[in-house]
Amino acid sequence: MLTYLAEHRTHSTSGHGPAAPIAAEPAYDTLRVLHRLSLIDHTPDTPQQAVHVHQLIQRAAREPLRANTDALTRHAPEALYQPEAHNVLYRTGASLGATGQVTAAATHFRHLADTAHTHAGFCERIRDRRGSAARD
């Protein structure tokens, strides 16, 4: 668990220099609080010490991401292609497909491919990403 947290940490709290090491006790205490609030299932007695995020929390995180991506796509699409197509465009389509919204995912990727034609150099990358999202 500590390795995972360390690998996915973005930066130090001050924004300067390396982040401090992650201590086991505060990490464990945090997981227990999230468990008590019913935001995760934390089972420390299992061999893998599994942590599962509840589906409602996952959905609550996905929906604003999609809504924000849609808003940017409608009102400031150029912001999503500087200097290249932003990863959120691919993640949104893959997320739609992963949740069973295959038609919406296909429409999203078609729109992404069409839009990319106006932004030179993205077509090949979109084709590659589109294929890997369909396989996932």
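Here the side chain of H108 pairs a donor or acceptor atom with the backbone of L89 at under 3.5 angstrom. Remark: side-chain polar atoms of R36 are not paired, donor with acceptor, to backbone N or O of L31 under 3.5 angstrom.
Once rounded to the nearest 0.5 Å, the distance linking CG of L39 with CG of L56 reads 9.5 Å. Note: T43 OG1 to H35 NE2 = 8.5 Å, rounded to the nearest 0.5 Å. If you take OG1 on T92 and CG on D70, they are separated by 7.0 Å, rounding to the nearest 0.5 Å. The CG atom of D29 sits 5.5 Å away from the CD atom of E25 when rounded to the nearest 0.5 Å. Put simply, OG1 on T99 and CD on Q55 are 11.5 Å apart, with the number rounded to the nearest 0.5 Å.
Around CD of E78, the count of heavy atoms belonging to other residues, nucleotides or ligands within 6.0 Å exceeds 12.
A search for side chain to side chain donor-acceptor pair (under 3.5 Å) contacts involving T115 returns H111, not counting sequence neighbours. Applying the side chain to side chain donor-acceptor pair (under 3.5 Å) test to H54 and every residue at least two apart in sequence or in another chain returns D41. Shown here are the side chain to side chain donor-acceptor pair (under 3.5 Å) partners of R74, two or more places apart in sequence or in another chain: there are none.
Closest approach of A105 and G97 over heavy atoms only: CB-N, 3.5 Å. Of all non-hydrogen atoms in V53 and Q58, the two that sit nearest each other are O-NE2, 2.9 Å.
Side-chain contact between L112 and Y90 is present, with at least one heavy-atom pair separated by less than 4.5 Å. By the 4.5 Å heavy-atom criterion applied to side chains, T69 and L65 are counted as neighbours.
Side chains of R66 and S95: a donor on one and an acceptor on the other come within 3.5 Å.
Under a hydrophobic-cluster definition in which Ile, Leu, Val, Met, Phe, Trp and Tyr are linked whenever side-chain heavy atoms come within less than 4.5 Å, directly or via other members, F109 and L72 are assigned to the same cluster.
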